[in-house]
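Report on one structure; see the data block that follows.
As the structure is a prediction and not an experimental result, all values here were calculated from the model. A note on names: the letters A, B, ... follow the listed sequences, proteins ahead of strands, and every chain is numbered from 1.
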2 protein chains.
Amino acid sequence: MIGRNCIVRLSRYKNALYQFKKLGVVKIFSDNLAEAVNVTASQVRKDFSIFGISGNKRGGYQVEVLIEQLKDILGKNEVQKAVIVGAGNIGRALMNYTGFEKEGITIVAAFDIDPHKFNEQANVPIFGIDKLNSFISNNKITIGIIAVPAVAAQQVLDLMEHAGVKGVLNFAPISLRANNNIVVNNINLELELENLIYYINASARTKE
Amino acid sequence: MIGRNCIVRLSRYKNALYQFKKLGVVKIFSDNLAEAVNVTASQVRKDFSIFGISGNKRGGYQVEVLIEQLKDILGKNEVQKAVIVGAGNIGRALMNYTGFEKEGITIVAAFDIDPHKFNEQANVPIFGIDKLNSFISNNKITIGIIAVPAVAAQQVLDLMEHAGVKGVLNFAPISLRANNNIVVNNINLELELENLIYYINASARTKE
DNA sequence: CATATTTTGTGAAATATTTCACTAAACAAT
DNA sequence: ATTGTTTAGTGAAATATTTCACAAAATATG
């Protein structure tokens with residue numbers, strides 16, 4: 001199985017390529033990409049070789065072609081539907097976040113436990129959590145986003161898993177437990193900050 | 001230098017330990033922690049050994065002591081001040097996010113380019129971006145959070161770096177370039193979703 | 001057209017990370 | 001006390017990841 005870091009790099013390459021394309025760049029070399037993404041050129045070539053992406057010796061890679069190949073590997077050829085559970089700060093921000101559409105993900109509904117937050121007329125309608133299960137199965141939702149407090153997160157994951165969601169993005173600051181029918185990616189803001197502080201301190205120590 | 005994954009695991013151990021503590025657990029073994037965090041028991045022990053954390057053979061580790069040791073390593077013994085640049089969806093969500101306080105980080109101000117968003121009276125006041133530099137130096141801000149669109153992100157980072165910020169949490173979906181006076185952690189929501197989709201597809205392929 | 005240069009693709013080497021497996025310490029039981 | 005059991009600590013082994021270095025292909029140059 002291919003490591004997560006490798007897949008993350010592919011995404012970064014693709015991002016960088018979009019920028020190069022915007023600047024009118026047509027042909028690119030491994031070292032240009034490497035610099036843009038902060039890795040070595042052989043890392044870039046090795047990553048590509050793993051997925052059978054090939055360029056031309058002395059000719060580099062065609063930006064357009066490479067983008068398509070990466071899109072293909074990263075699997076965004078059909079639009080996927082997602083729901084958010086939790087209409088708090090983070091949940092609401094994600095409902096209005098435009099970056100997901102660009103990536104082929106549409107957020108079609110949100111769910112919360114608090115009736116004051118219900119709003120079936122909104123752009124992204126907010127329903128009661130009791131509707132989650134039927135909504136997911138009726139609308140063939142593949143992706144769930146968890147934006148509830150830590151205590152409720154495991155329960156929400158179980159609901160989603162049971163309803164047939166295939167992948168979950170979890171914003172609750174807790175390690176969730178899932179069987180291997182479902183993929184869970186954690187985005188833990190507190191952990192990221194803590195991590196940042198560690199490296200700030202480490203870098204201060206190094207300079208002494 | 002110690003790998004990022006290792007530091008991330010330390011944070012996860014600490015999180016798990018808080019939960020155990022809440023349940024009244026006093027003494028814990030490497031395999032309990034391992035299970036909670038989804039790693040092997042020897043990974044736990046190896047991680048601890050790197051940082052000179054030791055327990056008792058057959059007696060495991062004292063939950064309270066372990067939490068303190070981890071807090072110490074992760075460096076959260078003094079409250080740090082942070083500012084947010086960008087008062088859009090993500091920026092506003094982060095201003096109201098209560099999880100940071102718990103981790104010893106206080107968000108003291110936000111900055112935006114749009115005068116409609118200015119609000120010096122708010123709980124977290126929102127100023128014009130032109131005030132960023134002086135605010136950071138006058139208030140000895142160590143942490144910056146970038147929540148602006150991708151095109152503006154590099155510029156904001158440069159401003160922060162120049163003003164003396166030590167670490168940055170970047171939410172803009174772009175690879176930023178910084179010299180090594182400053183630590184940058186990226187949280188790229190689009191990339192995480194893309195990554196999730198890759199693994200959903202990969203897991204579907206495996207099952208065929 | 002021949003030669004020089006550049007850049008890919010990739011095994012092999014070097015590093016880094018994780019797991020294994022065993023020793024010894026701590027505690028429990030008899 | 002002695003014996004048995006559990007679990008930390010840790011070198012060594014196994015894996016995984018990254019970098020090196022060079023042959024071969026593509027293009028440029030004279």
* Candidate nucleotides D:dA21, C:dT18, D:dG9, ranked by approach to the side chain of B:R45 - the nearest ->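 When the side chain of B:R45 is considered, D:dG9 is the closest of D:dA21, C:dT18, D:dG9.
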* With respect to the side chain of A:S54, which nucleotide from C:dT8, C:dT19, C:dG9 is positioned closest? ->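 Given the options C:dT8, C:dT19, C:dG9, the side chain of A:S54 is closest to C:dG9.
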* For B:S49 and D:dG9, is the shortest distance between a side-chain N/O and OP1 or OP2 below 4.0 Å? ->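 The answer is no; no side-chain N or O of B:S49 sits under 4.0 Å from OP1 or OP2.
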* C:dT8 phosphate, OP1 or OP2, under 4.0 Å from A:S30 side-chain N/O ->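 For C:dT8, OP1 or OP2 has a side-chain N or O of A:S30 closer than 4.0 Å.
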* **Side chain A:K57 and base C:dT7 donor-acceptor under 3.5 Å** =>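 No pair found.
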* For the base of C:dT5, is there a side-chain donor-acceptor partner from A:R58 under 3.5 Å away? ->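 Per atom types, the contact qualifies.
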What integer distance in Å separates [X]:[atom1] from [N]:[atom2]?
X     : N      : atom1 : atom2 : value
A:F29 : D:dT27 : CZ    : C1'   : 10 Å
A:Q43 : D:dA16 : CD    : P     : 16 Å
B:N5  : C:dT15 : CG    : P     : 21 Å
A:E35 : C:dT7  : CD    : C1'   : 16 Å
B:N38 : C:dT19 : CG    : P     : 11 Å
A:D31 : D:dT19 : CG    : C1'   : 15 Å
A:N56 : C:dT8  : CG    : C1'   : 9 Å
A:I2  : D:dT17 : CD1   : C1'   : 13 Å

* Asked: Hey, what do you get for CD1 (A:I84) to CD1 (A:I90), rounding to the nearest 0.5 Å?
  ->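 It comes to 10.5 Å.
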* Given DNA chain D, 5'-ward residue of the pair B:Y61 and A:M1, judged by closest heavy atom ->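 First, find each residue's nearest nucleotide; the 5'-ward one identifies B:Y61.
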* Should we say atom CG of B:D130 is surrounded by more than 12 heavy atoms from elsewhere, each under 6.0 Å from it? ->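 For B:D130, atom CG is crowded (more than 12 foreign heavy atoms under 6.0 Å).
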* **B:D112 side-chain N/O to B:A87 backbone N/O, donor-acceptor pair under 3.5 Å** =>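 Indeed, once roles are kept as given, a pair shorter than 3.5 Å links the two residues.
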[X] near the nucleic acid: base, sugar-phosphate alone, or nothing, with a heavy-atom cut-off under 4.0 Å?
X     : answer
B:R9  : sugar-phosphate
A:S42 : base
B:F48 : nothing

* **Residue pair A:E161 / A:N179, side-chain donor-acceptor N/O under 3.5 Å** =>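 A:E161 vs A:N179: donor-acceptor pair found between side chains.
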* Which heavy atom in A:I107 sits nearest to a heavy atom in A:L94, and how many Å separate them? ->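 Result for this residue pair: CD1-O, 3.6 Å.
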